[in-house]
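Below: one structure, written as structure tokens.
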Amino acid sequence: MLEFAEVQLHNRKTLFVEVILPLAISRNYTYRVPFEMNNGAVVGKRVVVQFGKSKLYTAIIESISEHAPEKYEAKYIIEILDDAPVVTSRQLQFWHWLAEYYMCNEGEVMNAALPSALKLASETKVMLNREYEYDKTQLNDKEYLITEALDIQPELTVSDIVKLLGQKTVMPILKSLFEKNIITISEEVSERYKPRKKTYITLNPVYQNPDNRRELFEILEKRAPKQADALLTYLKLSRQQKAVAKNELIEESGAGESSIKSLIEKEVFFAEHKTVSRLGYEEDDESISNFTLSGAQQLALDEARLHFEKKDVVLLHGVTASGKTQIYIKLIEEMVATGRQVLYLLPEIALTTHIIERLRIYFGGTIGVYHSRFNDNERVEVWQKVLRSEYKVVLGARSSIFLPFHDLGLLIVDEEHETSYKQYDPAPRYNARDAAIYLANMHGGKVLLGSATPSFETYYNARTHKYGLVTLTERYGGVQLPLVEVVSISKELKQKTMQSHFTSVLMADMQLALENKEQVILFQNRRGYAPVLMCRVCAYTPKCINCDVSLTYHKHTTKLHCHYCGYKEDTPSVCPACGSTHLEYKGFGTEKVEDELSVLMPDVRLARMDLDTTRSRNSLQTILNNLEEKKIDILIGTQMVAKGLDFADVTVIGIINADSLLKYPDYRANERSFQMLAQVSGRAGRRGKQGKVVIQTYDPGHRVIKQVIENDYADLYFTEMEERKSFKYPPFFRIISIDIKHKNPEILYNQAEYFTNELRKHFGDRVIGPEAPLVNRIRNYYIKTIMLKFERDGVSVVKAKALMRDVITQFQTTKLSKGSVVQPDVDPY
DNA sequence: AGCACGCCGACT
DNA sequence: GTCGGCGTGCTC
């Protein structure tokens, strides 16, 4: 009786939910729950709400209250989409932290976190009003065009109509057609995730009886031989496997769809529709563990375990090819045995079938994979499997920190120094490595950071005992580190021994490798053919119409490309400024290296790996397979080749031009160059042979190059740290940079000056700038950057950020800020 | 993000 | 004049 009363009472309550909308807006909004949905309203579920005039969005319930908002009338929730929350409350807490830490909105975090199939938005659909007769002669041209199109195609979206009319503003026209009763407008959301269904066939148990079966078969053989075939095939298949799928049966038996259908109608077969996974590797895969660690690895593993007793984060600093992955596997196994979940983060590019298959051997169906090449439906399936704890281990890229883990015991961040862990555009500008540490902490889990060339931030934390430090100096299987030879380009130019961009040393080493049936990787950190096209007479250089950069010539398309906004234009044959035909290509990218090498070595099989050749879905995998199967002799690529490639027969690595790395105007240039060169070099001579690395440079005496030759990370670290300290850079200081953008450079100048001054009032000389970045206009927006440096100790960054938020909002309420975009970037790269 | 409203230039 | 682009403000 009491229970009943309670339910009644509960039903009578008016509930209000605060929801997160998947939009870049600064607040959450409150909606009212209809009585009948009271019991369904749970934090973490998705709801459909109307936001604005007409649009419907999927929002996430962040909190529930009984207090009606005072200042406005809340709209009703339209629908609750889930039976159980799809986002855990711990995730909501994580989202909240991310939004605070990285100074963005929760909606932006939600956008990054949820697979898009889970956050459907409505689309406006336009249809003819069938109930109503109208006079076509009464319509103007545009209205007529729309009705004509609707005669052919019953449904049009707003963007269809924009294209149809070739103009941006179409709403007024649609509105008038609606008011004339000629069209109807609907706003609908539909669940975009569709489980994959498969039809399975089972035999009516009646025919398990041999006599019945024989009788049936005899009838079928006479009247419907195709059906008899199908029956025989079914019997054969069902002996071989657990379940027989309908399409499999059709394929095997050669019987048509109709034969199967009539057998189902005759109730010989039963059809059953089942939801199947798109992800493959079902749970019957068995996991095995049968490798032994080397002495050094075992020692490192023991040390890591010991550190974990006292510390939450441990850095595994192991040289390239030292077998860090095996140590990870041991730690993962131990954690899985305790029943907790594990997340293993890798840079996107390193998530190849190679590593995935390797991990699947050990963890079978309990390991999930999550990366950007997955489609929406696949992502939702991974999400659900993590949510239901079916996956114990997830191997994933940056965004997998957003999966709905329940009990994360261990988080591994491999190649911890990788800049690709930081997302820049769009917000949230988060660093998955740092966010991972917070996430693990929320779960009471441990973090293992792994790298051959740790970021200084991490190494500093390890040296100051904030993190545990484990060092592995030995390569696995006793393979030697590669021999590094530095070759002076200027010297070879003088001697006239260069052949296009290749020194005689590199040419000789490549030739030798090819003779031995070995492979070569060439590294050139620039894509395209030539980054600058210049007129020899008047020095004119084609520039992007939207950005402040010169256009890169791409031979493949024979066009000039902008690498910032994607703009393309035809390559001029005469100088547009002076009419001269003497146009010269300056500088060179991967395309040109490939081109020239194909002339010098016509019989060699070349391939190129950069953004341009790996854009489509499987192209990266194809290149890697070809390399593995030795269908490629020389691979030319950008930084992509430095990451995660592990091929036994690559013995020579050529750095075509190290100077482009070393000359980069950034306080991290040396750290980056070392990482880059050490990582590329690490690709040489794994398993058995000593590799060789040839570094071509104009500056062979450069300090960093010496440190690379000696593989002296410590020396690099200590020399660089002196500078970091005196110039107030990380890891001694935290940096928050703020980009301010405007279409007009003069207005931007004034805005930036004013805004910087406002910041200075609060933060004094911690504020640096405003300065124009290297590329000061992108997509027609001029940019100024303001930098804030905060000392690591004694300053509350949380308070500083709150204050900065205030200053930004204050600025945005002044008239002066009109038309500007302000983008904070916390811990920028 | 999307949509309405209001201002302003260009086009018949 | 009017149409359409573009900037601005608001959405529970």
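Here is how names work: the chains are called A, B, and so on, in the same order as the sequence lines, proteins then strands, and each is numbered from 1.
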What is the distance, rounded to the nearest whole Å, between atom [atom1] of [X] and atom [atom2] of [N]?
X	N	atom1	atom2	answer
A/Asn140	C/dT2	CG	P	15 Å
A/Leu23	B/dG2	CG	P	8 Å
A/Asn105	B/dA1	CG	C1'	12 Å
A/Met171	C/dC3	CE	P	18 Å
A/Asp141	C/dT2	CG	C1'	15 Å
A/Asn111	B/dG2	CG	P	11 Å
A/Leu165	C/dG5	CG	P	10 Å
A/Glu187	B/dG2	CD	C1'	10 Å

Check salt bridge (charged side-chain N to carboxylate O under 4.0 Å, His left out) between [X] and all other residues, then give those that pass, not counting sequence neighbours.
X	answer
A/Asp141	none
A/Asp739	none
A/Lys168	none
A/Arg777	none

Checklist line | More than 12 heavy atoms of other groups within 6.0 Å of A/Gln810 CD | finding: no

Note to self: Counting neighbours of CG on A/Leu774 that are heavy atoms of other residues, nucleotides or ligands and sit closer than 6.0 Å, is the number greater than 12?
What the structure shows: no

Next item on the list: Provide the full list of ring pair (Phe, Tyr, Trp, His ring centres under 6.0 Å) pairs with a residue in residues 156-179 of chain A, sequence neighbours left out, each pair given once.
Entry: none

Notebook entry, point to check: What pairs meet the side-chain hydrogen bond (donor to acceptor under 3.5 Å, both in side chains) rule with one or both residues in residues 396-405 of chain A, with sequence neighbours excluded?
Noted result: A/Arg398-A/Gln423

Short N/O separations, protein against nucleotides 10-12 of chain B, under 3.5 angstrom:
none

Next item on the list: Starting at the 5' end of nucleotides 6-12 of chain C, put B wherever the base has a protein heavy atom under 4.0 Å, S where only the sugar-phosphate does, and a dash everywhere else.
Entry: S-SS-BB

Show me the donor-acceptor pairs, under 3.5 Å and distance only, between side chains in residues 169-177 of chain A and residues at least two apart or in other chains.
unit_1	atom_1	unit_2	atom_2	d
A/Ser176	OG	A/Glu143	OE2	2.9
A/Ser176	OG	A/Ile173	O	3.4

